[in-house]
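Both ligands and their constituent atoms are indexed starting at 1 by order of listing. The residues of the chain are indexed from 1 along the displayed sequence.
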Amino acid sequence: MANNIKYFIGNWKMFGIPGSYKILHKINSFFNKDKKNNKNYKIIIAPPLTLLQNFSQKLKTGKIYISAQNCYHRDAYGSHTGQVSAFMLKKLGIKYIIIGHSETRASGETNDIIKEKVRIALKNNLKIIFCIGENMKQKRKKQTMKILKSQISKVVKNKFSFKNIIIAYEPIWSIGTGITPSENELEKIIHNLKKFIKQKYRLNFSVRILYGGSVDKYSVSGFKYINELDGFLIGGASKSSKNFIDIIKNFYK
Ligand code: PGA
């Protein structure tokens with residue numbers, strides 16, 4: 001159930017100013033030179049809202065895709081001060097969007113709100129990077145699969161949606177901590193999740209599942225042997241072109 005193309009997605013969170021484009025420029029140059037492997041992977045960077053237009057215009061002829069980090073759960077326009085809709089992002093030329101990151105869930109985003117975001121983002125033809133993950137307490141109680149299944153079932157209502165949804169499994173205890181699941185543990189979770197989704201939604205293809213949480217050039221060396229893993233959502237290490245490129249280099253070493 002492995003897909004051919006691997007994803008390396010950088011989530012910049014609240015980082016970056018216009019001058020930070022130099023990071024993308026270096027990553028783009030690396031991609032163009034990496035003739036041996038670059039047909040096998042896709043790079044997506046999610047800068048903050050303030051940089052979306054600037055970066056996507058600069059990258060028009062490049063191979064890196066730009067993603068938004070979030071959107072509001074109502075469509076088009078409305079009286080929602082400080083918010084941006086999926087429609088507005090789409091009109092900017094954005095193709096991808098992260099939805100349901102544990103950091104946005106932590107500020108009060110419920111499964112119902114995430115469901116609305118996913119529905120509206122799909123309606124606007126955005127491709128979704130849908131984050132799920134358990135916290136340490138749930139992991140200790142061995143509730144990981146139960147939590148992940150419920151996060152998926154409560155949000156994704158339609159089997160067709162999976163054509164445009166990439167799942168990012170991000171255990172909360174692993175984000176920014178330097179602690180990662182063991183390769184065995186991760187392999188099992190990815191396998192079980194794929195099996196669950198395929199059966200529940202009666203899919204005739206394998207949904208893409210990425211891993212996120214303290215991914216760096218070291219941890220990627222172990223994870224690359226997990227056949228069913230379709231790539232990585234990378235936070236801290238995506239803010240430096242060197243660290244991000246080293247992850248890709250080590251993956252293909
Ligand atoms: P991290 O973040 O790589 O810094 O752990 C990952 C994420 O939050 O997407």
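- Inclusion of Lys13 in the set of residues having an N or O under 3.5 Å from an N or O of ligand 1 is warranted.
- Contact between Gly212 and ligand 1 is absent, with no heavy atom of the residue lying under 4.0 Å from the ligand.
- Glu185 places a side-chain N or O within donor-acceptor distance of the main-chain N or O of Ser182, the cut-off being under 3.5 Å.
- Ligand-side atoms of ligand 1 in range of Gly236: 1 (P), 3 (O), 4 (O), range being under 4.0 angstrom from any heavy atom.
- Between Tyr7 and Tyr41, the distance from one ring center to the other does not fall under 6.0 angstrom.
- Of all the heavy atoms of Asn11, the ones lying under 4.0 Å from any atom of ligand 1 belong exclusively to the side chain.
- Those atoms of ligand 1 that come under 4.0 Å of a heavy atom in Gly235, given as number and element, are 1 (P), 2 (O), 3 (O), 4 (O), 6 (C).
- For an aromatic pair to be called close, the ring centres must be under 6.0 Å apart, and Phe30 with Phe244 fails this.
- In summary, the atoms of ligand 1 found under 4.0 Å from a heavy atom of Leu233, numbered by their order in the structure, are 9 (O).
- Residue pairs meeting the side-chain hydrogen bond (donor to acceptor under 3.5 Å, both in side chains) criterion with at least one member in residues 160-175, sequence neighbours excluded: His101-Glu170, Lys127-Asn164, Glu134-Tyr169, Glu134-Trp173, Ser174-Tyr211.
- Those atoms of ligand 1 with a heavy atom of His101 less than 4.0 angstrom away are 7 (C), 8 (O), 9 (O).
- Protein heavy atom in closest approach to atom 9 (O) of ligand 1: Glu170 OE2, 2.7 Å.
- Note on ligand 1: Ala237 sits outside its first shell, no heavy atom being nearer than 4.0 Å.
- Screening Phe8, Tyr218, Phe223 for a ring pair (Phe, Tyr, Trp, His ring centres under 6.0 Å) with Phe251, the sole residue that qualifies is Phe8.
- At least one N or O atom of Gly176, backbone or side chain, sits closer than 3.5 Å to an N or O atom of ligand 1.
- Near Gly213, meaning under 4.0 Å from one of its heavy atoms, ligand 1 places the atoms 5 (O).
- Polar contact check, Glu103 against ligand 1: no nitrogen or oxygen pair lies under 3.5 Å apart.
- Checked against a 6.0 Å centroid threshold, the rings of Phe162 and Phe205 do not count as neighbours.
- Every residue meeting the side-chain contact (heavy atoms from CB on, under 4.5 Å) condition with Glu116, not counting sequence neighbours, appears here in chain and number order: His73, Arg119, Ile120.
- Using modelled atom types, one side-chain atom of Arg105 and one backbone atom of Gly100 make a donor-acceptor pair closer than 3.5 Å.
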